[in-house]
Number of protein chains: 2
Amino acid sequence: MIENRRQVRTDGTGNADILETAAQCFMEQGFSATSIDDVARRLGATKGRIYHYYSSKTDLFFDVHREGLERLFQAVEPVMGIEGSGVVRLRAMLTAHAMAMMTNAAFEAVVVQGVHMHRMAATTPDQRRTLDDLIAIRRRFEGLFKQVLQEGVDDGSIRNIDISISAKAMLGAINWLSVWYRPASDETEMDRQMLAERIVTTQIDGVRS
Amino acid sequence: MIENRRQVRTDGTGNADILETAAQCFMEQGFSATSIDDVARRLGATKGRIYHYYSSKTDLFFDVHREGLERLFQAVEPVMGIEGSGVVRLRAMLTAHAMAMMTNAAFEAVVVQGVHMHRMAATTPDQRRTLDDLIAIRRRFEGLFKQVLQEGVDDGSIRNIDISISAKAMLGAINWLSVWYRPASDETEMDRQMLAERIVTTQIDGVRS
DNA sequence: CAAGTGCATACTACTGAGTATGTTGTTGAC
DNA sequence: GTCAACAACATACTCAGTAGTATGCACTTG
């Protein structure tokens, strides 16, 4: 477990705000186009505050990335163990994933950006390790879906397909939400739920027996 | 028709090289993280050459973007008019799209990046118009799929689904290729064809009657 | 041979990451 | 109750990188 946060505030008003604001900026402008001053300005603060908690812009990005991944796990893992055949559980997982993508749009946009950084020139060895760590976590996340896909094939509820490719395609359809989805101002939880169901239904019907 | 290229070389050795190299750089590092000097260095040249043809980095990016879109149209439009029901034509279009995403990985990665630039602070009014133009072209491209989806619903070969959402999900599954697909060194056209077929089959089975 | 093309070279002006240092509260030891 | 240490920032720098420009120079073309 590598720790890039210098400190974690106990009152939850410092670090969490930085993380949230950074996620917003990274979502809107991307990693490179976002300056630390941008984040600070939006926080109503200065660089000093950010560099007090994070030793570099990259570390800040990685921490947002990690938070985004954690939220995905928290959304998907609980529904993984529900009753039902493989296809039933897969549907619940995909729906939870889609909901998480919309609810935590900023953080998950950073996760998506992170995918492109695999080959990034992470300067320090520490950052390299952190990045590899994040990649491993994302692999584990993808693995959850592959596992349930396989269980579905085994119990006959899912067609005999190439699991690796199907997983990438299905997750792609959902992750693509971070590209085009922007919350409407008057949008309710129900609206998001409807949208998630529709996307997932199409994907599930594509693999169901 | 707004023209951002100052000149187009007739021998096809100047501009095309710049475009290709720029696409590579933009794919690997993204727009902001790519410097004009990066592109020039990779070309074995200097900034002078690039600024001779393009008046700004943004204009260069837009031209790569436009080329990427044109290649998508050239891949998809021809197969749109083949014989067959809606679902048959849709499958052919999606497959052509997937193949184009892999064959022109660099250019299409730029197209995907361009999606995020909708809200970009395009400085000059000229650039604003060019960007709006590109957005319109992309809308038209998405429209092709929606149209055939609708025709499929009408002729009964496709289930009665929400066309707009299904189109986004299906195209998302395919566009996601630009995130994870990297050509293997010993990869053949057949390998790509197989991959495309598998992704598309899952998507088609999700909407077929 | 004059005008323009196709670049390279050599600048400028600015942004932006990271640092060094100051300043104000807070906390715990005695 | 006080004082030293430290947390939580703000301020004021440095310096490398980078977009864009100005200019020079060989080579081609009408």
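The sequence lines fix the lettering, A, B, ..., with proteins before strands; numbering per chain opens at 1.
A:I36 has its CD1 atom 17 Å from the C1' atom of D:dT11, to the nearest Å. Straight-line distance from the CG atom of A:D59 to the C1' atom of C:dG18: 12 Å, rounded to whole Å. One can place CG of A:N15 at 13 Å from C1' of D:dA7, the figure rounded to the nearest angstrom. Rounding to whole angstrom units, CG of residue B:D37 and C1' of C:dT12 are separated by 14 Å. Counting to the nearest Å, the P atom of C:dT19 and the CD1 atom of A:I50 are 15 Å from each other. Atom CD of B:Q29 is separated from atom C1' of D:dT18 by 13 Å (rounded to the nearest Å). Rounded to a whole Å, the CZ atom of B:R49 is 18 Å from the P atom of D:dA19.
B:K57 contributes no side-chain N or O that forms a donor-acceptor pair with the base of D:dG20 under 3.5 Å. Side-chain to base pairing of A:K47 with D:dA10: no donor and acceptor N or O lie closer than 3.5 Å to each other.
When only modelled atom types and interatomic distance are considered, A:E20 and A:Q24 share no side-chain donor-acceptor pair under 3.5 Å. In summary, the side chains of A:S55 and A:D59 do present a donor paired with an acceptor at a separation below 3.5 Å, with no hydrogens or angles considered.
Residue B:Y53 places at least one side-chain N or O under 4.0 Å from the OP1 or OP2 atom of C:dC7. Contact check, B:H52 against C:dC7: no side-chain N or O comes under 4.0 Å of OP1 or OP2.
Distance alone, capped at 3.5 Å, is enough to place a donor-acceptor pair between the B:K57 side chain and the B:F31 backbone.
Taking NZ of B:K168 as the reference point, atom CG of A:L177 lies at 10.5 Å (rounded to 0.5 Å).
Out of C:dT19, C:dA8, D:dA19, the shortest distance to the side chain of A:Y51 is found at C:dT19.
The pair B:D132-B:R128 counts as a salt bridge, with a side-chain nitrogen and a carboxylate oxygen less than 4.0 angstrom apart.
Base engagement by A:T46 is indicated by at least one non-hydrogen atom pair under 4.0 Å involving a base atom. Backbone-only engagement by A:T34 is indicated by non-hydrogen atom pairs under 4.0 Å involving sugar-phosphate atoms exclusively.
Positionally, the nearest nucleotide of DNA chain C for B:G44 lies more toward the 5' end than for the other of A:R41 and B:G44.
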